[in-house]
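In what follows, chains carry the letters A, B, and so on, assigned in the order in which the sequence lines appear, proteins first and then strands, with residues in each chain numbered from 1. Any value given below was found using the heavy atoms of this structure, including those in side chains, with hydrogens, waters and symmetry copies removed. The structure displayed is predicted, hence computed values, not measured ones.
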Amino acid sequence: MKNIVIGRYIPGNSFLYRLDPRVKLIALVLLFAATFIISDIWVMVGALGFVIALLPIGKISLKRVFQGLKPLLFLLIFTFVFQILFNTQGRLLIAIPLQFNIVNTLLAFALFGSWLFLKRKIKFTFLSFLLVLGLIVYGFSELTMFVPYNTSTLAVYETGLTMALFILLRLIIIVTLSTVLTISTKPTDLNLGLERVLKPLKLVRVNTEEIAMIIGIALRYIPTLLDEANKIMLAQASRGVDFQEGKFKDKVVQIISLLVPMFIISFQRSDELANAMEARCFVPGKPRTRLNQLTWKPIDSLVLGISIMSVITSITLRILGS
Amino acid sequence: MAIRLDAVSHRYTSMDGSFFQAITDIHLELGQQKEMIALVGETGSGKSTLVQHFNALLTPSSGTVEVMGIKINQETVKAKSFKKTPIRQHVGLVFQFPEYQLFEETVLKDVSFGPKNLGLKENEAILKAKEALFQVGLNETYFERSPFQLSGGEKKRVSIAGILAMEPDILILDEPTSGLDPAGQKALMDLFLSIHQKTKTTMVFITHDMNVVYRYAKRILVMHQSKLVYDGTPQELYQMPELRTWNLDLPDSLKLQTFIAQTLQLKESLLESSVDDLITLIKEEGRL
């Protein structure tokens with residue numbers, strides 16, 4: 001639970017923290033739009049530079065954002081490799097002949113076997129394993145004394161490479177921006193901002209306040225429920241449940257022994273919460289005042305202006321480029 | 001030798017990487033005398049953390065816990081052969097809120113869950129469950145009822161039976177009487193006493209009620225600011241001047257005695273005197 005960075009608020013103090021949550025949400029959407037409009041790779045690199053420059057200015061540690069990117073590393077590399085391998089448009093850049101012969105195939109299998117065995121003992125990621133695998137296939141394909149039974153070419157095309165880079169950069173920008181938003185905004189503020197931003201939906205009879213309320217309560221109860229789950233696990237462990245071990249049949253019973261009390265406690269909690277809210281005269285749908293009012297500051301206008309400018313710039317650049 | 005704690009400390013790591021020292025350097029032995037032991041201390045003094053070390057729910061950050069000859073410390077728990085289930089059979093821990101453990105459709109099924117986890121066959125487990133339910137004073141009429149439709153006190157008894165059915169040598173009770181009315185509290189504590197006398201199990205109970213301690217416990221452990229500050233008889237504890245600094249109170253009967261002693265300006269301590277002696281004393285003085 002400790003490693004989850006996406007969606008976690010980390011206390012701090014900088015202009016990003018003081019920004020109005022409404023502005024942050026709108027700016028996020030605008031900047032997302034801009035990254036999708038950009039069609040030139042160098043503009044995209046510039047955009048990434050801009051986003052990364054935002055981190056030290058906003059006093060957000062690069063390490064934290066990188067931790068947020070980590071769970072997506074596999075997805076990022078996968079889309080990158082996929083684009084390179086299967087996009088065959090444009091100029092041919094590199095062509096590497098790959099020959100599968102008996103030596104490298106056997107080596108690959110041996111490596112796979114040893115990886116399965118060794119991964120328990122040493123930390124060895126699947127990605128570095130794939131890299132070594134690729135190098136072995138490539139290295140031994142030059143041996144001509146063995147008859148290759150399959151010859152294929154690893155070809156990299158220009159469009160493939162740029163497209164792959166494009167998608168990679170776009171994903172990095174989007175994830176970084178979202179991480180910056182959640183790191184610098186309290187869930188409650190984010191929720192309030194969302195409520196205000198969605199307010200126009202009231203015209204089409206969507207009760208935005210209630211939606212925001214539901215999200216707010218859900219966010220508030222995540223740590224409480226985690227705490228409860230931990231207590232239940234301790235209580236059941238005292239009754240001889242070993243959550244780490246057991247056959248599949250035991251596992252099912254173990255999970256039921258965890259879920260049933262969890263459900264009952266959640267219902268009790270919500271019942272109590274409803275009573276507490278009623279005792280404080282909460283009436284659904286009635287207009288409410290807020291403890292913390294959102295105030296619009298000059299910096300908010302500035303950030304909003306920059307966001308709009310970046311969308312306009314990206315549109316202009318796209319028109320000029322085509 | 002039942003449970004021995006040797007220089008046990010435990011600290012919790014919080015989300016931002018800071019530490020919270022819950023218990024510090026605890027040396028303790030219990031379980032040889034087959035006694036009723038009370039564990040008291042203010043909220044946050046580390047009582048619950050301490051008892052969770054008794055059945056290996058927590059592993060000490062430093063130091064060693066020894067349960068029935070099985071050593072538990074940072075090194076031993078890493079071994080593949082280390083099994084926690086036997087420890088939990090020896091030391092049964094009943095948590096404060098029965099809601100955290102009841103989950104089956106019927107009371108009987110729920111109570112037999114523990115024995116089944118220990119590897120007993122279905123019919124053996126049921127037999128143990130029935131025995132345990134009778135022990136806590138719930139008869140056949142309860143067996144097929146849903147545990148969720150019982151009253152608070154009955155739920156508590158079912159959760160205790162759930163641990164008793166595992167036939168532990170040492171029974172730990174985390175605030176067993178909380179949330180019960182005075183009559184229910186007394187009934188439950190009397191039940192523990194009778195189980196203790198019958199089965200000769202060592203019992204450790206966490207409580208805030210000094211009257212309960214005075215009435216039922218032969219030995220008392222006091223936790224204060226993560227340290228074990230007192231381990232001895234309640235009678236000696238009540239004469240200690242530190243009582244106030246540990247935020248502990250005297251039981252009602254002793255409060256009355258000190259009050260009488262003060263009003264009558266008596267020199268000698270009344271602590272050991274019986275109720276009859278007190279009554280004669282009051283009558284003689286005739287001033288109250």
Side-chain angles (χ1 to χ4, degrees), chain A residues 1-12 61 63-64 67 120-121 183 187 222-247 249-272, chain B residues 12-17 48-49 51-52 54-58 77 80 82-105 109-120 125 146-148 155 159 161-166 168 171-174:
Chain A
M1 295 297 164
K2 281 170 196 156
N3 317 325
I4 302 168
V5 177
I6 302 174
R8 242 187 77 195
Y9 170 72
I10 294 156
S61 86
K63 211 180 112 208
R64 290 280 191 193
Q67 278 175 346
R120 267 178 244 144
K121 300 217 170 104
I183 280 179
I222 288 171
T224 313
L225 289 179
L226 278 177
D227 201 41
E228 303 277 25
N230 189 39
K231 279 184 185 164
I232 296 167
M233 276 172 86
L234 288 179
Q236 301 298 24
S238 292
R239 299 216 285 167
V241 175
D242 195 334
F243 283 98
Q244 265 102 53
E245 283 170 44
K247 290 183 284 269
K249 204 185 129 217
D250 302 332
K251 281 258 183 275
V252 173
V253 182
Q254 286 170 10
I255 288 169
I256 292 172
S257 78
L258 181 65
L259 282 184
V260 174
M262 201 69 223
F263 259 106
I264 288 169
I265 287 170
S266 311
F267 276 107
Q268 275 176 358
R269 286 254 171 210
S270 51
D271 214 30
E272 282 164 17
Chain B
Y12 293 105
T13 317
S14 64
M15 287 278 211
D16 53 4
S48 291
T49 306
V51 295
Q52 285 176 22
F54 293 166
N55 74 340
L57 284 178
L58 291 176
V77 289
K80 274 226 156 169
F82 188 80
K83 289 269 180 293
K84 287 176 175 174
T85 320
I87 298 170
R88 281 159 197 168
Q89 194 269 315
H90 284 305
V91 185
L93 174 57
V94 183
F95 277 84
Q96 191 173 354
F97 301 105
E99 287 82 7
Y100 288 120
Q101 68 172 63
L102 303 178
F103 75 101
E104 282 280 16
E105 299 142 61
K109 266 192 187 174
D110 201 281
V111 175
S112 66
F113 180 63
K116 266 192 262 175
N117 282 330
L118 299 179
L120 266 77
S146 162
F148 304 110
K155 271 187 197 163
S159 70
I163 298 294
L164 279 178
M166 294 165 73
L171 186 64
I172 322 278
L173 304 145
D174 192 345

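For chain B, the nearby parts of Leu234(A) are the backbone and the side chain; heavy atoms of each come within less than 4.5 Å. If you measure heavy-atom distances from Ile256(A) to chain B, the contacts under 4.5 Å come from both the backbone and the side chain. At a 4.5 Å heavy-atom cutoff, the contact between Gln52(B) and chain A is made by side-chain atoms alone. The contact between Phe148(B) and chain A is made entirely by side chain atoms (from C-beta outward), counting heavy-atom distances below 4.5 Å. Looking at Gln268(A), only its side chain comes within 4.5 Å of chain B, counting heavy atoms on both sides. Residue contact with chain A, scored on non-hydrogen atoms closer than 4.5 Å, involves the backbone of Leu102(B) exclusively. Residue contact with chain A, scored on non-hydrogen atoms closer than 4.5 Å, is absent for Gln89(B).
For residues 235-244 of chain A, the pairs satisfying salt bridge (charged side-chain N to carboxylate O under 4.0 Å, His left out) are Arg239(A)-Asp110(B), with sequence neighbours left out. Pairs passing the salt bridge (charged side-chain N to carboxylate O under 4.0 Å, His left out) check and including a residue from residues 83-92 of chain B, sequence neighbours excluded, read Glu245(A)-Lys83(B).
Of the listed residues (Leu57(B), Ile163(B), Ile172(B)), the greatest number of heavy-atom pairs within a distance under 4.5 Å of chain A belongs to Leu57(B).
Ring planes of Phe263(A) and Phe267(A): parallel class, angle under 30° (limits at 30 and 60°).
A side-chain donor from one of Tyr100(B) and Glu228(A) sits under 3.5 Å from a side-chain acceptor of the other. Side-chain polar atoms of Asn117(B) and Thr85(B) form no donor-acceptor pair below 3.5 angstrom.
For the pair Tyr9(A)/Pro187(A), a side-chain contact is recorded, criterion being any heavy-atom separation below 4.5 Å from C-beta on.
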